[in-house]
Amino acid sequence: MVLRVYNTLTRQKEEFTTLVPGRVSLYVCGPTVYDKAHIGHAMSALVFDIIRRYLEFKGYEVRHVMNYTDVDDKIILRANELNMDPFELAERYTREYDQHLADLNILPATVNPRATQEMSTIIDMVQRLISQGYAYNKNGDVYFRVTRDADYGKLSGRRLEDMQAGARISVDERKEHPMDFALWKSAKPGEPAWESPWGPGRPGWHIECSAMNLTHLGEQIDIHGGGNDLIFPHHENEIAQTESLTGRPFARYWIHNGMLQLSGEKMSKSLGNLITIEEFLSLYEGDVLRMMVLNSSYRNPLSYSDEILAQAKRALERLRSGIRPALPGSQGAPADVLESLTSQVKKTAQEFVEAMDDDFNTAGALAALFELVRAINQARDAGATDDQLADARNELIRLSGVLGLRLQVESRRGEQAGPFIELLLEVRNELRKQKLWALSDVVRDRLLELGVVIEDSREGSSWRWKE
RNA sequence: GGCGACGUGGCCAAGUGGUAAGGCAAGGGUCUGCAAAACCCUGAUCACGGGUUCGAAUCCCGUCGUCGCCUCCA
């Protein structure tokens with residue numbers, strides 16, 4: 001099966017091949033660490049986590065780089081407001097973000113470079129860009145000369161002429177062309193600064209990513225990803241810088257995720273319509289957010305609402321219903337039921353791969369998993385034993401894992417409670433035999449309040465942790 | 001104003017030429033002391049208007065609507 005990927009650069013789905021057989025170099029733009037991250041950032045991280053996991057499932061060895069922008073205007077501004085050291089501020093939010101990623105079950109990147117640790121590469125690149133005529137120095141500020149780059153605008157589909165017309169482009173006298181962008185910014189007194197041939201200053205935003213790619217992945221990479229709000233100017237400028245220097249195509253595939261929306265608008269700090277990852281995780285488990293992402297297509301906008309959230313929660317529960325144990329007293333299911341279960345396992349695996357191969361169609365992949373869940377539940381209802389369910393259940397767990405979903409969550413609460421709950425069930429069974437319904441209902445209700453779900457059947461009762 | 005994306009049942013959403021996956025919700029049923037869960041059954045002709053085609057949600061044109069980018073942004 002061939003994987004096909006939508007490439008922003010060509011605006012179409014393309015067959016996925018890598019520079020080096022069996023290996024993928026993946027660069028994803030990470031956050032600027034000046035404030036708490038919101039679930040829009042989480043969505044992007046989840047999308048690329050799913051992509052990475054699927055690539056690994058396909059047998060690729062993935063070298064995954066995600067950067068932290070830990071020096072820039074906003075960090076300095078915020079640090080001043082808080083009367084704090086900018087590096088300390090960045091460090092705090094970097095650590096916090098790392099923790100969020102772990103909480104969301106996002107695999108750690110192979111490398112997490114930071115802008116402040118790439119200075120020598122950045123300065124070297126800027127210097128070479130100047131010497132080759134792609135950039136110029138104006139009193140300590142260095143700008144990229146967009147008119148020198150013949151195919152500037154190829155990623156975002158813009159032409160320089162179009163952008164000048166009608167747009168509000170700030171007039172900056174120091175620039176030769178309004179669209180020229182900063183490679184190096186001179187430092188004002190008191191600002192963090194690094195020594196450079198053009199005086200003390202700090203890198204512009206775009207050059208750091210170019211530098212980190214070069215250092216950690218090389219001149220050419222397979223996939224470059226990020227939110228679609230980065231297409232212009234950020235990724236456009238990365239291409240301009242890198243390709244001007246190397247003379248070779250930078251990333252083979254540009255992959256961009258759609259924006260998370262809240263009340264019809266992009267979730268963002270400037271609009272103030274955001275939910276932080278911290279807030280979300282204090283109320284729900286990370287897999288709920290992952291489920292929301294999986295049930296949509298990564299390139300389209302995803303709107304966040306209480307209803308969508310509730311749907312994702314229920315969908316996750318349904319998926320998990322597939323791994324519940326056999327019913328008490330099961331004697332085995334009829335042969336035809338077991339046969340159709342076996343064939344559904346095969347069918348699901350096949351449909352799962354087919355869907356994911358089509359530009360990571362996670363919604364389609366989920367549909368295949370839900371069909372497996374139904375087949376498993378049918379078999380269980382028909383009396384299948386744990387042994388008879390094992391293969392199907394393992395496949396469900398395996399494929400869900402490719403999407404990063406964790407179905408087995410029981411252990412997160414103390415296992416020590418198990419024997420005591422069993423004891424309560426035994427006592428309650430006695431009560432039920434004696435038809436003391438009121439009392440047995442009290443036990444069930446109180447246990448539910450404690451997070452334990454009791455389900456009665458003809459053959460006896462079972463329990464599980466509430467999700 | 002320029003560039004781009006999208007518009008499928010109450011909600012989310014797959015499907016991009018051959019008569020509409022899946023999930024949530026809703027209604028009916030099986031099971032059950034009750035409940036819950038699970039299982040079974042029930043619903044859309046695909047924004048609107050033209051066109052191409054034997055045949056279109058799926059291709060083309062137009063209209064309307066929503067969103068993103070054009071300034072920092074996942």
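Predicted model, so just to flag it, every value in this text is computed and none were measured. Below, chain A is the first sequence line, B the second, and so on; all start at residue 1.
- Between His224(A) and Tyr253(A), the ring center distance fails the sub-6.0 Å criterion.
- Under the side-chain contact (heavy atoms from CB on, under 4.5 Å) criterion, Pro334(A) pairs with Asp336(A), Val337(A), Ala382(A), sequence neighbours left out.
- Sorted by first and then second residue, the side chain to side chain donor-acceptor pair (under 3.5 Å) pairs involving residues 337-346 of chain A (not counting sequence neighbours) are Gln344(A)-Thr348(A).
- Listed by first then second residue, pairs satisfying ring pair (Phe, Tyr, Trp, His ring centres under 6.0 Å) with a partner in residues 283-336 of chain A read Phe280(A)-Tyr284(A), not counting sequence neighbours.
- If you check every strand for non-hydrogen atoms under 4.0 Å, Gly264(A) touches sugar and phosphate atoms only.
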_Test salt bridge (Lys or Arg N to Asp or Glu O under 4.0 Å) on Asp72(A) and Arg202(A); report intermediate values, then the result._
CA-CA 8 Å; Asp72(A) 98 327; Arg202(A) 62 180 181 277; over 6 Å; no
Side-chain polar contacts of residues 362-377 of chain A - donor-acceptor pairs under 3.5 angstrom, sequence neighbours left out - could you list them?
residue   : atom : partner   : partner atom : Å
Thr362(A) : OG1  : Leu294(A) : O            : 2.8
Thr362(A) : OG1  : Ser296(A) : O            : 3.3
Asn377(A) : OD1  : Arg380(A) : NH1          : 2.6
Asn377(A) : OD1  : Arg380(A) : NH2          : 3.4
Asn377(A) : ND2  : Ser321(A) : OG           : 3.2

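- Residue contacts shown for Leu369(A) are absent, as no nucleic acid heavy atom lies under 4.0 Å away.
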For residues 431-443 of chain A, which side-chain donor-acceptor pairs fall under 3.5 Å, sequence neighbours excluded?
residue   : atom : partner   : partner atom : Å
Arg432(A) : NH1  : Ser461(A) : OG           : 3.4
Ser440(A) : OG   : Trp437(A) : O            : 3.1
Asp441(A) : OD1  : Arg444(A) : NH2          : 3.4

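- Within the nucleic acid shown, Asp441(A) comes within 4.0 Å of at least one base atom, counting heavy atoms only.
- In this structure, U30(B) and A38(B) make a Watson-Crick or G-U wobble pair, each of the two defining distances being under 3.5 angstrom.
- Spacing between C40(B) and A74(B) at atom C1', rounded to whole Å, works out to 44 Å.
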*asked:* His256(A) vs Asn228(A), test: side-chain hydrogen bond (donor to acceptor under 3.5 Å, both in side chains). Steps then yes/no.
replied: CA-CA 5 Å; His256(A) 293 96; Asn228(A) 68 12; over 6 Å; no
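- For residues 27-52 of chain A, every residue pair satisfying the salt bridge (charged side-chain N to carboxylate O under 4.0 Å, His left out) rule, not counting sequence neighbours, is listed here: Asp35(A)-Arg78(A), Lys36(A)-Glu96(A), Lys36(A)-Glu278(A), Asp49(A)-Arg53(A), Asp49(A)-Arg290(A), Arg52(A)-Glu56(A).
- Distance, Ile76(A) CD1 to C72(B) P: 15 Å, rounded to whole Å.
- Counting to the nearest Å, the C1' atom of A74(B) and the CD1 atom of Ile255(A) are 15 Å from each other.
- Using a 4.0 Å cut-off between charged nitrogen and carboxylate oxygen, Glu14(A) and Arg4(A) do not count as a salt-bridge pair.
- A distance of about 23 Å separates the C1' atoms of C60(B) and A20(B), rounded to the whole Å.
- Judged by closest nucleotide on RNA chain B, Arg428(A) is the one of Asn377(A) and Arg428(A) placed further toward the 5' end.
- On the P atoms, G68(B) is 41 Å away from G28(B), given to the nearest whole Å.
- Pair check for U16(B) finds none; no Watson-Crick or G-U wobble contact set falls under 3.5 Å.
- The gap from the C1' atom of G15(B) to that of A57(B) amounts to 9 Å, rounded to the nearest Å.
- For the salt bridge (charged side-chain N to carboxylate O under 4.0 Å, His left out) condition, the pairs that include at least one residue of residues 397-406 of chain A, sequence neighbours left out, are Asp287(A)-Arg406(A), Glu395(A)-Arg398(A).
- Side-chain contact between Asp103(A) and Gln99(A): present, with at least one pair of heavy atoms (C-beta onward) separated by less than 4.5 Å.
- Counting any heavy atom pair closer than 4.0 Å across all strands shown, Glu351(A) reaches no nucleic acid atom.
- The nucleotide whose nearest atom lies closest to any side-chain atom of Thr32(A) is, among A74(B), A36(B), C24(B), A74(B).
- Asn273(A) places its CG atom 12 Å from the P atom of C67(B), with the value rounded to the nearest Å.
- Non-hydrogen atoms lying under 4.0 Å from RNA chain B are contributed by nothing in residues 382-405 of chain A.
- Residues satisfying the side-chain contact (heavy atoms from CB on, under 4.5 Å) criterion with Arg95(A), sequence neighbours excluded, are Glu91(A).
- Remark: the separation of the C1' atoms in G9(B) and A26(B) is 12 Å, to the nearest Å.
- Look at Lys466(A) and Glu455(A) and you find no salt bridge, because none of the NZ, NE, NH1 or NH2 atoms lies under 4.0 Å from a carboxylate O.
- Rounded to whole Å, the P atom of U30(B) lies 24 Å from the corresponding atom of G22(B).
- Among the heavy atoms of the strands lying under 4.0 Å from Gly30(A) are primed sugar atoms or P, OP1, OP2 only; no base atom is included.
- At least one side-chain nitrogen or oxygen of Arg318(A) sits closer than 4.0 Å to the OP1 or OP2 atom of C39(B).
- A distance of about 38 Å separates the P atoms of G23(B) and C64(B), rounded to the whole Å.
- Using a 4.0 Å heavy-atom criterion, one finds that Asn257(A) contacts the bases of the nucleic acid, with or without backbone contacts as well.
- Ser462(A) comes within 4.0 angstrom of no nucleic acid atom, judged by non-hydrogen atoms across all strands.
- Applying the salt bridge (charged side-chain N to carboxylate O under 4.0 Å, His left out) test to every pair with at least one member in residues 225-235 of chain A, sequence neighbours left out, gives these pairs: Asp229(A)-Lys266(A).
- At a cut-off of 3.5 angstrom, the base of C34(B) holds at least one donor-acceptor pair with the side chain of Asp456(A).
- Rounded to whole Å, the P atom of G10(B) lies 13 Å from the corresponding atom of C46(B).
- If you check every strand for non-hydrogen atoms under 4.0 Å, Leu448(A) touches nothing.
- A close approach under 4.0 Å does occur between a side-chain nitrogen or oxygen of Gln378(A) and OP1 or OP2 of C40(B).
- For Glu455(A), the side-chain atoms get nearest to A37(B) when compared with the rest of A74(B), A37(B), G33(B).
- Across all strands shown, G1(B) pairs with C70(B); the Watson-Crick or G-U wobble distances both stay below 3.5 Å.
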_Protein-to-nucleotide contact annotation, 5' to 3' order, nucleotides 3-17 of chain B [B base; S sugar-phosphate only; - none; under 4.0 Å, heavy atom]_ = SS-S----BBSSS--
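- Contact check, Lys266(A) against C69(B): a side-chain N or O comes under 4.0 Å of OP1 or OP2.
- One donor-acceptor pair, N or O on each side, does fall under 3.5 Å between the base of A35(B) and the side chain of Arg444(A).
- Across residues 37-47 of chain A, His38(A), Gly40(A), His41(A), Ser44(A) each have a non-hydrogen atom less than 4.0 Å from an atom of RNA chain B (numbered order).
- Taking atom CD1 of Ile323(A) as the reference point, atom C1' of A37(B) lies 15 Å away to the nearest angstrom.
- Pair assignment for C6(B) gives G65(B), based on Watson-Crick or G-U wobble hydrogen-bonding distances that are each under 3.5 Å.
- Remark on RNA chain B: of its neighbouring residues Gly258(A) and Arg432(A), the 5'-side contact belongs to Arg432(A), judged by nearest-heavy-atom nucleotide.
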